[in-house]
Amino acid sequence: MTVENNITKNDVAHVATLAKLKLDDAQLEKFTNQFEDIIDLVEQLNEVDTTNVEPTFNVTDQLNRMREDQAVRSGDKEALLNNAPDTEDGFIRVPAILDESEEA
């Protein structure tokens with residue numbers, strides 16, 4: 001069963017707006033065609049008979065090795081501070097990322 005997919009330039013422009021992207025007319029045309037091609041490929045997958053196919057959850061036999069999340073002492077604090085670009089009073093100094101002087 002094939003569904004008619006009509007991706008319009010307005011659809012692409014809407015998605016671009018949501019993603020905060022500015023696209024010119026040439027880009028809108030290009031991406032509209034690309035979206036249509038992607039939808040067509042997905043529709044081809046819908047036509048594949050998977051009746052007797054077992055779901056695949058992992059394609060490799062590798063397993064994640066999990067461990068308890070525990071804080072452990074590692075290394076020498078002085079060595080760490082000596083390798084830091086800027087320190088103050090036994091701490092690594094970093095640039096401020098919040099400016100509290102500005103009003104929200």
For the CD1 atom of Ile92 and the NZ atom of Lys77, what is their distance to the nearest 0.5 Å? 9.0 Å

I'd like to know if the side chain of Gln27 reaches the main chain of Asp24, judged simply by a donor and an acceptor atom lying under 3.5 Å from each other, with no hydrogens or angles considered. yes

Nearest heavy atoms of Glu88 and Arg93, plus distance in Å: OE1-NE, 3.3 Å

Could you state the interatomic distance from OG1 (Thr32) to CG (Asn6), rounded to the nearest 0.5 Å? 11.5 Å

Working to the nearest 0.5 Å, report the span between NZ of Lys30 and CG of Leu28. 12.0 Å

Atom CD of Glu36 and atom CD1 of Ile7: how far apart are they, to the nearest 0.5 Å? 6.5 Å

Straight-line distance of Leu23 CG to Lys9 NZ, nearest 0.5 Å: 11.5 Å

Transitively linked via ILVMFWY side-chain contacts under 4.5 Å: Leu18 with Phe31? no

Backbone N/O of Thr8 and side chain of Asp11: donor-acceptor pair under 3.5 Å: yes

Gap between atom CG of Asn64 and atom CD of Gln62 - 0.5 Å precision: 9.0 Å

Minimal heavy-atom distance between Gly90 and Leu81, with the atoms involved, is O-CD1, 3.7 Å

Side chains of Phe35 and Val12 in contact at under 4.5 Å (non-hydrogen atoms): yes

Step through the shown structure and confirm whether more than 12 heavy atoms of other residues, nucleotides or ligands are within 6.0 Å of CG on Asp25. no

